Structures are given as structure tokens and as C-alpha cells.
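Step one of this worksheet: look at the structure below.
The chain is numbered in sequence order, starting from 1. Not measured: the values here are computed from a predicted model.
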Amino acid sequence: RSLSTDLFVQDSWRPTGNLTVEGGVRWAYWPPWYSLTNNIATFDPAAYDTTNQAVVSPTTGRIVSGPRYNGIVLPGNGFEGDGNDLAVASDPAVLALFVGAPRGFAETHANVFEPRIGAAYSINDQTIVKVSSGVFHNRVTVSDSMFLGGNPPFQPQVGVSNGRADDPGGVGGAGSLPFGMTAIDREFKHPTAYMWSAGVQRQVPLNFIVDVTYVGRRGLYNVRERDINQLLPGTVQANPGVNVAALRPYKGYGVIRLSENAASSKYHSLQISADRRYTNGFKFGVAYTLGKSQDDASGSRDVLFNNYDASGFWGNSGFDRRHSLNFYYIYDLPFYKDQAGVVGKVLGGWQISGATFMRSGTPLWVTEGADIAGTGDTFGNPWNLNGDPKGNANEQFSAGAAADQNFWFDPTVFARPAAGTFGNGPRNNIYNPGQYQWDIALFKNVNLGGTKTAQFRAEFFNFPNHANWNGADAN
């Protein structure tokens with residue numbers, strides 16, 4: 001449950017006949033989501049006692065002795081309502097985890113203001129110049145990264161490093177294996193976007209309205225994850241034969257995925273559109289966007305491959321498309337419009353419409369889900385890049401490496417990094433094939449007399465049956 005309170009004030013001012021200014025400000029008060037019964041848990045590094053940490057066997061990775069819940073924090077000062085019926089509600093070790101933490105674990109930010117302003121200036125009857133800027137915030141919705149009910153002591157989960165698929169826990173079962181945890185940043189600022197735009201809109205012949213606009217965006221405090229229990233690069237290689245669990249900073253735990261609002265982003269675009277008003281049975285519109293989006297996390301579940309240095313995660317956004325073209329149309333076929341007679345009713349009253357999009361592909365990143373760097377994690381270690389990935393690629397469809405030598409990018413310029421290191425391949429530096437689709441529809445309205453009409457409708461999606469390829473294999 002949570003509370004959401006928003007207040008907004010706006011005003012419009014017209015100092016001259018051809019200038020309009022509009023402005024406003026929003027104030028948002030969004031306390032964190034919380035559990036009615038306080039049956040959620042997080043890992044807080046500030047609550048972890050290094051003088052009383054678990055003792056982990058260097059050979060098996062099992063907990064030999066020490067506290068099981070060191071660093072785990074529960075919200076508030078005790079269970080509430082049905083929470084008192086939980087099996088762990090009477091466990092003294094669990095009750096000791098209530099230390100007065102906020103019920104949603106994160107801070108409540110009361111200074112969330114969103115000023116916005118825009119202006120439109122009419123140069124003449126056919127041309128308008130417009131500018132705008134504003135601040136926007138996003139409230140992170142409930143997810144398993146935010147609502148931490150799947151953590152011990154309520155739902156214990158354990159992690160195994162270098163175990164056997166047939167018997168992951170080995171002799172001794174899962175009871176003494178390190179816990180896997182999710183956690184939330186205590187500060188957890190609201191994701192914030194600063195947006196601005198400037199453009200010109202003009203009426204041109206043939207009833208078209210043309211719009212040319214630049215749009216920019218700077219994002220701060222975007223959501224991502226990191227493993228705060230990751231080893232320094234090369235640690236596994238420097239300790240041969242020692243189980244990863246015995247080397248972790250927070251003993252007694254495996255991966256601790258911290259959800260944090262710490263990522264940032266940049267977006268710039270040129271947006272051009274032309275729309276023809278519905279005139280003489282014809283309407284048409286086209287829009288083109290040339291854009292570029294970069295960030296160091298494109299989604300809430302993106303995990304940094306290097307917890308100690310986020311700079312290698314900066315690159316093209318996972319959803320970035322440099323080019324996007326769309327157009328649509330509606331056309332009333334010009335014959336037998338009055339639908340007079342039998343022939344008119346059959347051949348008249350037809351309308352054709354459609355929409356088409358063409359867009360460039362999204363990017364990919366050559367990584368390997370293996371612990372090459374010796375950090376105890378497998379979140380996707382980038383490979384080294386030693387040349388131009390497009391230099392010797394013919395970008396043709398391939399039936400497989402055994403059948404032909406068609407490559408979307410040149411795999412020979414990539415090399416597996418040395419053990420104990422991360423690769424240098426830039427994030428999302430190769431783009432997948434583009435896509436396009438034509439959709440078309442045919443309509444006919446038949447007047448049945450009075451206010452009654454019947455409509456025949458036929459719709460065809462991707463009617464040329466064009467194949468849009470999946471992304472290239474980056475494994």
C-alpha cells in the first residue's frame with residue numbers, strides 16, 4: 001500500500017495577440033510502498049556487523065557458524081495484523097531485525113517539484129514558433145525489486161557457486177548455504193527527467209501542416225541494479241580452490257541485488273511531421289524521427305557487470321532506434337459516391353486506409369554469461385573489441401556458420417578477455433536489422449435507410465508478408 005498526493009497549479013498568459021505563454025508547477029508527495037503486515041525484508045549494509053559475521057567454509061562455501069540474519073532489516077517496530085500469525089513471528093532472531101526502519105525502507109522525498117513552461121509565437125497566419133521545457137518525475141511501481149517479500153526470513157533462498165546440476169546443495173542440504181538477497185537503496189530518489197523542445201509549425205500548400213521540432217531529454221536517478229556483494233576483479237583467480245562464498249564481502253550471503261535509482265540518460269532528436277487535413281475524401285500524414293538515446297541502464301532489471309565502476313555500462317540505450325518513419329492515409333474512392341442504383345451500391349462507398357512504419361534496429365552487445373573476471377557473478381562480461389565490427393561483414397541473412405559465411409557483424413574482431421578482467425567492448429555498439437510493416441484496410445458503408453448502415457471491413461496486417469528478422473546472435 002502507499003499514498004499518492006499531487007497538487008498542480010497552472011496559468012495561461014497572452015501578453016500580445018500573437019504570443020501565448022503557459023506555465024505551471026506540480027508538487028508530488030509519494031511515500032514508498034509498504035506492507036500492511038511488515039512482512040518484507042531488505043539487506044542494509046549499515047546494519048551488517050563485521051565483528052560478528054558468519055564463518056564460511058573455504059572448501060564447501062557452507063556457513064559453519066555465526067548469525068544467519070546479519071544485515072537483514074525488517075520495517076517498522078514489529079509485525080502488524082496478520083503478520084503476527086507468520087511462522088517466524090515468534091522467533092527472537094527475527095524479532096531482533098526490527099530496528100525502526102521506515103516501513104517502505106526508503107526515504108520519503110517531500111521536495112518533489114515539477115515546474116513547466118511553454119510559449120507559442122505566431123509569426124503570421126501560417127507560421128508558429130514554439131518552445132517548452134519542464135521537469136518530470138516517475139513513481140516506480142510495485143515489483144519484486146521494490147516490494148521485498150521474497151527475502152529471508154520469510155522466503156529463504158540460497159545460492160550455489162560451482163555446484164552440480166543433479167545435486168546443487170550437495171551433502172548437507174540447503175540449510176547452511178548462503179542466502180541470496182534483494183535490497184533497496186535507502187535514499188532511492190524519484191527518477192527525474194528534464195525535457196526541452198523548440199520547433200516551427202507552418203501551413204503549406206495542399207492543406208498540409210508541417211512541423212519541425214528538436215526534443216531533448218536528460219534523465220537522472222533512473223532505476224538499475226548492482227550486486228553489492230560482488231568480488232573485486234581477479235579475486236577468484238587469486239584464490240584458487242577457495243569457494244566464492246568464503247570470499248564475498250558480506251559473509252553468509254551470495255548475490256545481493258540492490259535496486260538503486262542511480263542511472264542517467266541522454267536523448268536528442270529531430271522530429272519532422274506533415275499532416276494533411278481530411279479534404280476531398282483524402283487524409284495523409286507522415287512523421288520521421290532522427291534520434292539518439294544513451295544511458296547506463298535501460299531497464300529496472302539491468303545489472304551492472306562491475307559493481308565498482310559503472311562507467312563501462314554507459315552506451316547506446318537498449319531501445320535506441322536512430323531512424324523511424326511512419327505514415328498513414330485515408331482515401332475515399334471517388335466513384336459512385338452517391339451509391340445510386342444497384343451498381344452504385346456495389347461499387348460505391350468504398351474507403352481505403354493504411355499505416356506503415358519503417359525503423360532501424362535496436363542495438364546489441366557482445367557479452368558472455370560467465371565469471372571471466374573472477375568476481376563471483378555471471379551478469380554478462382563484455383568481450384574485448386579489437387577492430388571494426390562492420391568492417392568485413394556483408395550483413396546478409398545466414399543459414400548458419402556451417403552453411404555460409406554471411407555475418408551481420410564480424411565476429412573475428414572480438415576476443416575473450418583475459419581471466420580476472422572485464423572486456424572493453426562498448427555497450428550496445430552494434431545495431432540489429434531494421435523492421436518495416438505495411439497494414440491496410442478496406443471499408444464499405446451501405447446505407448440501409450434512415451439512420452441504419454451496414455459496414456463491410458477487411459483488414460490486412462503486414463500484407464506484403466515481409467519478414468522482419470530477429471536480432472543477430474551475439475553469443
Please name all residues satisfying ring-ring contact (aromatic ring centres under 6.0 Å, His included) with Y250, sequence neighbours left out, ordered by chain then number.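 Only F43, Y48 meet the ring-ring contact (aromatic ring centres under 6.0 Å, His included) criterion with Y250.
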
Residues forming a ring-ring contact (aromatic ring centres under 6.0 Å, His included) with F422, sequence neighbours excluded: F305

Closer than 4.0 angstrom, basic N to acidic O: yes or no for R322 and D320?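 Yes.
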
Can you tell whether the side chains of D377 and R248 come within less than 4.0 Å, N to carboxylate O?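 A salt bridge links D377 with R248.
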
Within the structure provided, determine whether [X] and [Y] are in side-chain contact (heavy-atom separation under 4.5 Å).
| X | Y | result |
| --- | --- | --- |
| L231 | V236 | yes |
| E114 | F8 | no |
| R257 | R301 | yes |
| S265 | R217 | yes |
| L290 | S269 | no |
| D275 | S273 | yes |
| T192 | V112 | no |
| P433 | N470 | no |

Sequence-distant partners of [X], side chain to side chain contact (heavy atoms under 4.5 Å, CB included), two or more places apart:
| X | value |
| --- | --- |
| S264 | R218, L220, D296, W314 |
| P411 | F407 |
| L36 | R1, Y34 |
| T20 | S12, R14, E22 |

Contacts of K130 that satisfy salt bridge (Lys or Arg N to Asp or Glu O under 4.0 Å) - sequence neighbours left out: D211

With sequence neighbours excluded, what pairs up with D44 under the salt bridge (Lys or Arg N to Asp or Glu O under 4.0 Å) test? R186

Say whether, by atom type as modelled, one donor and one acceptor occur between the side chain of [X] and the main chain of [Y] under 3.5 angstrom.
| X | Y | answer |
| --- | --- | --- |
| S132 | G118 | no |
| D227 | I256 | yes |
| T289 | G291 | no |
| Q203 | F208 | no |
| N151 | T182 | yes |
| D6 | A28 | no |
| R321 | S360 | yes |
| N468 | Y436 | yes |
| N428 | G315 | no |
| N384 | N424 | yes |

So H323 and Y288, would you call those rings parallel, tilted or perpendicular, with 30° and 60° as cut-offs? parallel

With under 30° as parallel and over 60° as perpendicular, where do the rings of F397 and W469 fit, or are they tilted in between?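 Correct class here is parallel.
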
Identify the heavy atoms of [X] and [Y] that sit nearest to each other, and give their distance.
| X | Y | answer |
| --- | --- | --- |
| N326 | F357 | OD1-CB, 3.0 Å |
| Q237 | A373 | OE1-O, 3.8 Å |
| N432 | A472 | OD1-N, 2.7 Å |
| Y308 | P233 | CD1-CD, 4.5 Å |
| N307 | Q230 | N-OE1, 2.8 Å |
| T213 | S197 | CG2-CB, 4.1 Å |

Trace of the side-chain contact (heavy atoms from CB on, under 4.5 Å) decision for F113 with V135: CA-CA 8 Å; F113 292 93; V135 180; over 6 Å; no

Stepwise, does the side-chain contact (heavy atoms from CB on, under 4.5 Å) test hold for V21 with L19? CA-CA 7 Å; V21 179; L19 175 63; 4.3 Å; yes

Under 3.5 Å, is there a donor-acceptor pair linking the side chains of D371 and T378?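 Side-chain D/A pair, D371 to T378: absent.
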
Apply side-chain hydrogen bond (donor to acceptor under 3.5 Å, both in side chains) to S353 and list each qualifying residue two or more places apart in sequence or on a separate chain.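 side-chain hydrogen bond (donor to acceptor under 3.5 Å, both in side chains) list for S353, sorted by chain: empty.
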
So how far is it from [X] [atom1] to [Y] [atom2], rounded to the nearest 0.5 Å?
| X | Y | atom1 | atom2 | value |
| --- | --- | --- | --- | --- |
| W30 | H109 | CH2 | NE2 | 11.5 Å |
| N124 | T127 | CG | OG1 | 4.0 Å |
| T108 | L3 | OG1 | CG | 9.5 Å |
| Y194 | W196 | OH | CH2 | 10.5 Å |
| N222 | D295 | CG | CG | 7.5 Å |
| E80 | T37 | CD | OG1 | 8.5 Å |

What about W350 and Y336, are their ring centers closer than 6.0 Å? no

Quick check, are the ring centers of Y221 and H190 under 6.0 angstrom apart?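 Centroid distance Y221-H190: not below 6.0 Å, so no.
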
Name all pairs fulfilling the salt bridge (Lys or Arg N to Asp or Glu O under 4.0 Å) condition that reach into residues 258-269, sequence neighbours left out, sorted by first residue then second. R224-E260, R226-E260

Go through the steps for V140 and V223 under the test side-chain contact (heavy atoms from CB on, under 4.5 Å), then give the verdict. CA-CA 8 Å; V140 180; V223 187; 3.7 Å; yes

Answer yes or no on whether R276 is positioned over the face of F284, meaning its NZ or CZ is under 6.0 Å from the six-membered ring centre and within 45° of the axis.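 No, R276 does not sit over the ring of F284.
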
cation_pi(R139, W33) dist<6.0 Å, angle<=45: yes

Check against side-chain contact (heavy atoms from CB on, under 4.5 Å), D332 and F282: CA-CA 6 Å; D332 296 334; F282 181 58; over 6 Å; no

With sequence neighbours left out, which residue pairs that include part of residues 258-281 fulfil the ring-ring contact (aromatic ring centres under 6.0 Å, His included) condition? none

Contacts satisfying side chain to side chain donor-acceptor pair (under 3.5 Å) that involve residues 407-422 (not counting sequence neighbours) are E368-R416, N392-D410, D410-T412

